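If you're wondering where the values come from, they're calculated on a predicted model, not measured in any experiment. Within every chain, numbering begins at 1; the chains are lettered A, B, ... in the order of the sequence lines, protein sequences first and strands thereafter.
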Amino acid sequence: GQQLNQSPQSMFIQEGEDVSMNCTSSSIFNTWLWYKQDPGEGPVLLIALYKAGELTSNGRLTAQFGITRKDSFLNISASIPSDVGIYFCAGQRGSNYKLTFGKGTLLTVNP
Amino acid sequence: EAGVAQSPRYKIIEKRQSVAFWCNPISGHATLYWYQQILGQGPKLLIQFQNNGVVDDSQLPKDRFSAERLKGVDSTLKIQPAKLEDSAVYLCASKPIQETQYFGPGTRLLVL
């Protein structure tokens, strides 16, 4: 099955730094979602984007739905140690709300 | 509000054995999903239920995997017989109408 192209695969940053990750697809999606997964847990929704060009913030997180509907990015500002985890993008299309996930970005924050 | 519950949390079996996973979705959520997440990958949809009916099972390996949601609430996913490549985290998610999916903590399966 199709998976989205998510980059980078991993990032190692210092506490306080900003970080950016993105996701691209060859297909159009109606909704873009960003999830975070902590070790031993299921993914937790961070941000949902429903319209092309939409820019949405959730605290220190900002995400955008690309104009072409084939890409999205997530920015985290002023990172803190609890931001550590794996971040997944997911595209949603169709009346049954089927999700297609990227391979994830592993974020490590050095205190 | 209680989240999606899954059990067991961990399971170790030998190849060719059978295994079953259980999911209790959030109360009132009509849609239920089972995903397989292999190490280093994002979740991959195995099967989607709407109430007790199957909406999409196109990526379910039906020769060895089966799932049911008889009363439209709890669901079980079974693997029989298991192969080494079935080692993964099996995630259950549920969704109310026109909202996004909520995931359970997953069952970690190791096939030896």
What part of A:Y87 lies closer than 4.5 angstrom to a heavy atom of chain B: side chain, backbone, both or neither? neither

What part of B:Y10 is in contact with chain A, defined as an atom under 4.5 angstrom from a non-hydrogen atom: side chain, backbone, both or neither? neither

Could you label the plane-to-plane angle of the A:Y35 and A:F101 rings as parallel, tilted or perpendicular, counting under 30° as parallel and over 60° as perpendicular? tilted

So which of A:G40, A:G104, A:A48, A:A90 has the largest heavy-atom pair count under 4.5 angstrom toward chain B? A:G40

Given that the side chain runs from C-beta out, which part of A:Q9 has a heavy atom under 4.5 Å from chain B: side chain, backbone, both or neither? neither

Under 3.5 Å: donor-acceptor pair, side chain of A:N58, backbone of A:L46: yes

Does any backbone or side-chain atom of B:T31 lie under 4.5 Å from a heavy atom of chain A? Answer side chain, backbone, both or neither. neither

With no hydrogens and no angle check, is any side-chain donor or acceptor of B:K62 less than 3.5 Å from a backbone partner on B:D57? yes

Is there a donor-acceptor pair under 3.5 Å between the side chain of A:S20 and the backbone N or O of A:N75? no

Is the side chain of A:T105 donor-acceptor paired with the backbone N or O of A:S10 at a distance under 3.5 Å, no angle test? no

Please rank A:I86, A:L33, A:L99, A:T31 by heavy-atom pairs under 4.5 Å with chain B and give me the top one. A:L99

Side chain, backbone, both or neither of B:Q6 within contact of chain A (heavy atoms, under 4.5 Å): neither

Can you find a heavy atom in the side chain of B:Q80 that is under 4.5 Å from one in the side chain of B:S66? no

